[in-house]
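So the structure is just underneath, and the comments pick up after that.
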Amino acid sequence: MNNILVTKDVTKRFGEHTALKKVSLEIPKNSIYGLLGPNGAGKTTLIRIINQITFPDEGEVFFDEEPLQSHHIAMIGYLPEERGLYKSMKVGEQALYLAQLKGLSKSEAKQRLKYWFDKFEIGGWWNKKVQELSKGMAQKIQFIVTVLHEPKLLIFDEPFSGFDPINANIIKDEILQLRDKGASIIFSTHRMESVEELCDHIALIHQSEKILDGKLSDIKKAYKSNIFEVGLEVEKGDILLQDLQEKFQITSYAFNPIEKQLDFKLQLPSSDSSDVLAYLSGKANINQFIETIPSANEIFIRTVQTKDADE
Amino acid sequence: MSKLPLIIKREYLAKVRNKSFVIMTFLSPILMVGMVVLIAYLTKLNDNEKRIISVLNESSYFTNDFLSDESTGYVNFENISLDAAKDSTANLGYTGLLHIPEEGDLEMVAERSFFYSKEAPSTSVLDDIENVFQERLRQQKLKNMGVSSQAFAQIADRFEIRTSTFAGEQNLKGINELKAAVGGAFGYLIMMFIIIYGGFVMRSVIEEKTSRIIEVIISSVKPFQLMLGKIIGTSLAGITQFAIWIVSASLLSLVAFAVFGIDPDTLNQGTDMTSMMGGNMATPVPSPSKAMEYFQELWRLPWLMLIVFFLIYFVLGYLIYSSIYAAIGAAVDNETDTQQFIFPIILPLMLAIYVGFFSVFSNPHGPIAVGFSLFPLTSPIVMLMRLPGGIGEGGVPIWQLLTSIALLIGTFIGIVWLAAKIYRIGILMYGKKPSYKELFKWLRY
């Protein structure tokens with residue numbers, strides 16, 4: 001239906017160590033799915049299972065409704081975190097080889113490579129050896145090779161490492177374009193700011209278990225704590241502040257008599273802010289009223305810490 | 001399109017385009033032939049230098065015994081004192097002075113004879129002289145016993161026993177060794193091939209690990225396909241290299257011998273030596289007609305059968321060992337860590353070669369030969385040393401051959417399965433040098 005990939009109670013053990021414990025995920029089509037978690041949580045193991053590099057001890061994986069099989073490999077593009085190229089092979093030859101391994105014919109691969117090389121303006125690299133390229137340049141080639149066979153599912157593990165900000169932006173835009181064209185993307189990273197920018201859904205894996213997943217906006221709603229940041233322009237700010245402190249829960253405040261600017265943070269019992277607004281209207285000129293929404297970073301840290309505290 | 005041919009093609013091209021591989025391929029035959037030519041040339045030079053020995057003979061014996069030949073010239077001094085003779089020998093730059101004193105009978109004279117030289121004389125000089133004395137003394141003794149030298153010549157016939165198999169096939173003496181040497185050459189070829197190209201496979205795996213391309217590749221193909229493609233591609237490159245070596249070395253030697261005017265016969269000694277190193281037993285130097293017989297005998301070897309079994313043992317043996325090499329490459333991060341794992345695989349190869357040379361050559365169907373030709377890690381080498389003797393009666397019993405191949409195939413499947421497991425885990429493991437215990441754990445993942 002609407003999920004490109006579903007895992008059901010996937011468990012993987014390495015000897016005594018359990019790398020994944022009953023992880024169930026539903027990755028919707030045509031979205032960017034953030035796979036988050038601290039180092040060693042089991043993200044890479046999960047991604048390797050999806051790529052059929054390793055196999056689960058228990059549980060099932062479904063790709064587009066079918067049980068995951070080897071022919072699905074051609075429909076998946078994977079950019080691993082640990083990535084590299086053959087150093088002594090020429091760029092073009094290598095890109096052709098990797099594309100052919102993904103099942104493209106030679107002529108088809110050539111044609112598509114030409115398109116991408118022109119797009120990134122790197123046509124002149126075709127006959128260079130990889131060892132002559134900088135790290136960022138090699139990363140671009142790897143990105144091209146990953147998306148070249150137009151897979152339904154793309155898996156990017158830390159795609160921006162090794163890129164300067166300008167090139168990272170280019171890649172980010174490409175990822176968004178790929179989604180718009182219909183690809184589904186799994187995006188694994190530690191960088192929370194890119195999660196905010198890119199992801200529609202996230203899952204948080206910690207100590208081999210999924211501890212949180214869902215739509216990013218829903219999660220944020222669930223995690224918000226009804227705190228509002230308010231800025232008022234008011235003559236007698238100190239008097240108003242006293243009134244407010246009696247009626248509401250003010251957590252921090254600052255009044256600047258010269259600018260006549262009162263800033264404070266407000267904790268409400270629910271997300272309903274109409275009482276406050278009704279109270280404030282007519283008393284002051286409201287120049288700021290924002291509900292604080294937790295960042296993905298905060299959610300990440302909070303969830304992981306709560307989980308650790310429970311144990 | 002299947003991916004295996006793609007992998008094989010890439011591995012092959014990566015190998016044959018490699019600069020050091022190209023240099024090795026074309027330089028080695030030149031170096032090899034150059035060395036052989038140099039040895040032959042030096043041998044010739046050495047032989048060309050004629051040594052001159054002065055003889056001061058004051059006795060009545062040996063008057064016509066010291067005759068000059070190609071390599072040694074004898075100059076007789078007469079009517080001068082020993083000291084003067086020594087002086088003149090030194091001044092004339094002769095190799096040495098042989099002094100035969102006057103008094104006494106033959107035995108006493110021989111007893112008191114002396115060879116003087118500036119430096120300690122070479123054994124070949126002394127051998128020549130000693131032979132003359134021995135011959136003289138023997139004839140003297142024969143005469144004392146009343147045997148004429150003609151009568152002695154008649155009894156001096158050398159005797160060689162003729163051998164035959166029960167089936168009535170006549171053998172030449174030493175032909176077993178010669179046959180085994182042919183098999184030994186095949187076995188030695190297998191060993192060299194495994195060590196050289198197994199090492200290449202290993203390094204290629206390590207390269208994929210250190211360049212971190214491995215995870216990209218195995219998200220497209222199965223690790224087993226990659227391993228197999230690598231092994232096949234590398235061995236095709238190896239076969240290419242061997243073919244180029246054989247062709248160019250033979251051409252070069254023809255040219256070189258023509259240019260330097262060296263008669264390949266002068267190499268007899270040299271080839272004996274190299275063949276010893278190469279594992280062949282020095283065959284008893286045959287007379288020309290005997291040589292023909294040996295040659296014919298070699299010609300009559302069952303070459304077709306030998307080549308078929310060579311291919312079977314070569315392919316199976318090489319696959320077994322190179323998949324072990326691939327597993328080692330996968331288990332480590334860099335080449336320096338491979339030592340502890342390589343020794344145990346070279347050990348059976350070495351054992352096979354040495355057991356082959358020291359035991360199988362002299363007794364190709366003895367218990368040791370049978371044991372080692374059944375044991376799968378040594379059978380590719382040892383069985384090939386036994387096979388030139390034939391199959392069936394008088395040769396390798398059929399049950400042994402079949403058992404050996406069956407064991408080899410079984411081992412091949414088992415080892416490749418184990419190696420693929422280690423390979424699959426190992427290529428994704430970074431950072432720590434694994435122990436045998438660790439590897440054992442991987443097998444159970």
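All values below come from the heavy atoms of this structure, side chains included, with hydrogens, waters and symmetry mates left out.
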**Prompt:** Could you name the residues of residues 226-246 of chain B that have a heavy atom within less than 4.5 Å of a heavy atom in chain A?
**Reply:** none

**Request:** Could you tell me which residues in residues 110-128 of chain A have at least one non-hydrogen atom under 4.5 Å from a non-hydrogen atom of chain B, sorted by residue number?
**Result:** none

In Å and rounded to the nearest 0.5 Å, what is the [atom1] to [atom2] distance from [X] to [Y]?
{"X": "A:Leu101", "Y": "B:Arg10", "atom1": "CG", "atom2": "CZ", "value": "9.5 Å"}
{"X": "A:Thr54", "Y": "B:Ile425", "atom1": "OG1", "atom2": "CD1", "value": "8.0 Å"}
{"X": "A:Leu85", "Y": "B:Ile213", "atom1": "CG", "atom2": "CD1", "value": "5.0 Å"}
{"X": "B:Arg212", "Y": "A:Glu81", "atom1": "CZ", "atom2": "CD", "value": "10.0 Å"}

**Request:** Against chain B, work out which of A:Ser88, A:Pro80, A:Ser105 has the most heavy-atom pairs shorter than 4.5 Å and name it.
**Result:** A:Pro80

Show the nearest heavy-atom pair for residues [X] and [Y], with the distance to one decimal.
{"X": "B:Ser219", "Y": "A:Asn51", "answer": "CB-OD1, 4.0 Å"}
{"X": "A:Lys102", "Y": "B:Ser220", "answer": "CE-OG, 3.3 Å"}
{"X": "B:Leu6", "Y": "A:Tyr97", "answer": "O-CE1, 3.7 Å"}
{"X": "A:Arg83", "Y": "B:Val216", "answer": "CB-CG2, 4.5 Å"}

Heavy-atom neighbours of [X] [atom1] exceed 12 at 6.0 Å:
{"X": "B:Met192", "atom1": "CE", "answer": "no"}
{"X": "A:Met75", "atom1": "CE", "answer": "yes"}
{"X": "B:Lys19", "atom1": "NZ", "answer": "no"}

**Prompt:** Given that the side chain runs from C-beta out, which part of B:Val221 has a heavy atom under 4.5 Å from chain A: side chain, backbone, both or neither?
**Reply:** side chain

**Message:** Less than 4.5 Å to any heavy atom of chain A: does that hold for the side chain of B:Leu428, its backbone, both, or neither?
**Reply:** both

Using non-hydrogen atoms and a 4.5 Å limit, figure out which bit of [X] sits close to chain B: side chain, backbone, both or neither.
{"X": "A:Thr146", "result": "neither"}
{"X": "A:Glu82", "result": "both"}
{"X": "A:Gln142", "result": "neither"}
{"X": "A:Gln94", "result": "side chain"}

**Request:** Please determine if A:Arg48 and B:Glu215 form a salt bridge, counting it only when a charged side-chain N lies under 4.0 Å from a carboxylate O.
**Result:** yes

**Request:** Begin from the C-alpha positions of A:Tyr86 and B:Ile217 and carry the test side-chain contact (heavy atoms from CB on, under 4.5 Å) through to its verdict.
**Result:** CA-CA 11 Å; A:Tyr86 289 112; B:Ile217 304 262; 3.7 Å; yes

